[in-house]
Amino acid sequence: MSEARTRLLNTATELFYAEGLHAVGVDRVIAEAQVTRATLYRHFRSKDDLLVAYLNGADEAIRARLEAARADQAKPADLIRTVARSIADDLRRPGFRGCAFLNAAAEYPEPDHPVHRAVLRHREWFLTTMIELFSGIGKIDPEPAARHFVMLRDGAMAAGCLSDPRPIGETFLRGVEGLLTYRSRQGRSV
């Protein structure tokens, strides 16, 4: 990746996350990245391409964090706890503004828009990964538990930027612990 492309993407990432996708224009990205318009369009055909690259970068970072956690944790339940703790820690990060993907979906609700499709790709991967992790536990109903985990995460991400993130993170972690402890096939009367 060229230095100019890296600078463009890093600048766009900071601005898009902090201020919103529609609120930040390409002129602002160009000015703050200190590149020319031609340089921007040499690397990204359109603002939509830049937005998708921003989301792909966020996706890659989350995947890398999960893989690093996977390398450190042998047991699926411990890995799920590590993922959950990472999410809870993110809520307390300075400048936290919620989930980049949920924010993007709110700004681009059209299902066929490239930004919306990038959001869906990430969310499908995340859900599939959580199903895989819950499947490794054995006693857990993996798909409903994973969907519940994702919904808890989405709620924590939304609430974490609206009020004190500490109790939001604690509530999220208690919910995840409940999924690990109580969502068992054994003893269900269904």
Side-chain angles (χ1 to χ4, degrees), residues 1-73 79-80 82-133 146 149-150 153-154 156-158 160-162 165 169:
M1 191 181 307
S2 76
E3 179 186 334
R5 186 179 194 286
T6 300
R7 213 167 50 244
L8 275 164
L9 197 49
N10 289 343
T11 301
T13 295
E14 290 175 19
L15 292 171
F16 291 150
Y17 184 73
E19 298 180 25
L21 308 186
H22 285 303
V24 176
V26 293
D27 290 337
R28 174 104 180 271
V29 174
I30 289 167
E32 294 203 19
Q34 299 178 341
V35 298
T36 65
R37 183 174 292 280
T39 300
L40 172 78
Y41 288 112
R42 183 173 40 252
H43 294 287
F44 305 99
R45 292 183 323 241
S46 66
K47 181 180 177 184
D48 287 349
D49 285 346
L50 181 59
L51 293 171
V52 169
Y54 152 66
L55 291 171
N56 287 343
D59 174 72
E60 290 167 11
I62 291 168
R63 288 176 191 240
R65 283 172 53 185
L66 194 130
E67 287 309 311
R70 195 184 297 259
D72 290 342
Q73 301 295 331
L79 180 53
I80 290 168
T82 298
V83 170
R85 275 192 303 276
S86 176
I87 292 166
D89 290 345
D90 280 347
L91 303 177
R92 294 191 308 269
R93 219 175 357 102
F96 178 75
R97 285 201 62 248
C99 171
F101 298 96
L102 293 176
N103 294 344
E107 290 197 54
Y108 289 87
E110 307 84 18
D112 60 336
H113 194 282
V115 169
H116 195 86
R117 287 194 312 262
V119 169
L120 292 179
R121 277 191 304 274
H122 169 74
R123 290 182 63 80
E124 288 169 10
W125 165 81
F126 189 71
L127 177 59
T128 300
T129 299
M130 295 313 299
I131 291 170
E132 171 198 330
L133 296 179
F149 181 98
V150 172
R153 178 222 173 262
D154 289 350
M157 287 291 197
C161 63
L162 297 174

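In what follows, residues are counted from 1 in the order of the sequence shown.
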Could you tell me which non-hydrogen atom of Arg7 sits nearest to which non-hydrogen atom of Ala33, and how far apart they are? NE-O, 2.6 Å

Value for CG (Leu133) from CG (Leu66), rounded to nearest 0.5 Å, stands at 6.0 Å

Nearest heavy atoms of Tyr17 and Gly95, plus distance in Å: CE2-O, 3.5 Å

With a 3.5 Å distance limit and no angle check, can you tell me whether Tyr41 reaches the backbone of Thr36 through a side-chain donor-acceptor pair? no

Arg65 and Asp90: CA distance, side-chain angles, deciding distance, side-chain contact (heavy atoms from CB on, under 4.5 Å) verdict: CA-CA 12 Å; Arg65 283 172 53 185; Asp90 280 347; 3.1 Å; yes

In short, Cys161 meets Ala158 closest at the heavy-atom pair SG-O, 3.5 Å

Sorted by chain and residue number, the salt bridge (Lys or Arg N to Asp or Glu O under 4.0 Å) partners of Glu19 (sequence neighbours excluded) come out as Arg28

Rounded to the nearest 0.5 Å, the CD1 atom of Ile62 sits from the OG atom of Ser86 at a distance of 8.5 Å

Checking side-chain contact (heavy atoms from CB on, under 4.5 Å) for the pair Arg153/Val83: CA distance, chi angles, key distance, verdict? CA-CA 10 Å; Arg153 178 222 173 262; Val83 170; over 6 Å; no

Test side-chain contact (heavy atoms from CB on, under 4.5 Å) applied to Tyr108 and Leu51, step by step: CA-CA 11 Å; Tyr108 289 87; Leu51 293 171; 3.3 Å; yes

For Arg93, does the CZ atom have more than 12 heavy-atom neighbours from other residues, nucleotides or ligands under 6.0 Å away? yes

Can you find a heavy atom in the side chain of Asp72 that is under 4.5 Å from one in the side chain of Thr82? no

Shortest non-hydrogen pair, Val115 vs Ala104, comes out as CG1-CB, 4.0 Å

Tell me whether Arg70 is salt-bridged to Glu67, with the criterion being a basic N under 4.0 Å from an acidic carboxylate O. yes

For side-chain contact (heavy atoms from CB on, under 4.5 Å), just list the numbers for Arg121 and Asn56, CA-CA rounded to whole Å, side-chain angles, deciding distance to a tenth of an Å, and then say yes or no. CA-CA 9 Å; Arg121 277 191 304 274; Asn56 287 343; 4.2 Å; yes

On a heavy-atom basis, the closest approach of Phe149 and Ile80 is CE1-CG2, 4.0 Å

CZ/Arg5 to CG/Asn10 distance, rounded to the nearest 0.5 angstrom? 10.5 Å

Does Thr13 use its side chain to pair, donor to acceptor, with the backbone of Leu9 at less than 3.5 Å? yes

So, do Phe101 and Asp59 sit near enough that their side-chain heavy atoms are less than 4.5 Å apart? yes

Spatial distance of atom OG1 (Thr129) from atom CD (Glu124) [nearest 0.5 Å]: 11.5 Å

Is the backbone of Arg97 close enough, under 3.5 Å, to the side chain of Asn103 for a donor and an acceptor to pair up by distance? yes

Partner of Phe44 by side-chain contact (heavy atoms from CB on, under 4.5 Å), out of Val29, Val52, Leu50: Leu50

Given Pro114, which partner from the list Arg117, His116, Glu110 fulfils the side-chain contact (heavy atoms from CB on, under 4.5 Å) test? Arg117

Are any of the side-chain nitrogens in Arg123 or Asp154 under 4.0 Å away from the carboxylate oxygens of its partner? yes

Is it the case that the side chain of Glu107 and the backbone of His22 share a donor-acceptor pair, with hydrogens and angles ignored and the cut-off at 3.5 Å? yes

Identify the heavy atoms of Phe126 and Ile87 that sit nearest to each other, and give their distance. CZ-CD1, 4.4 Å

Fit a plane to each ring of His122 and Trp125, take the angle between them on a 0 to 90° scale, and name the class: parallel (under 30°), tilted (30 to 60°) or perpendicular (over 60°). tilted

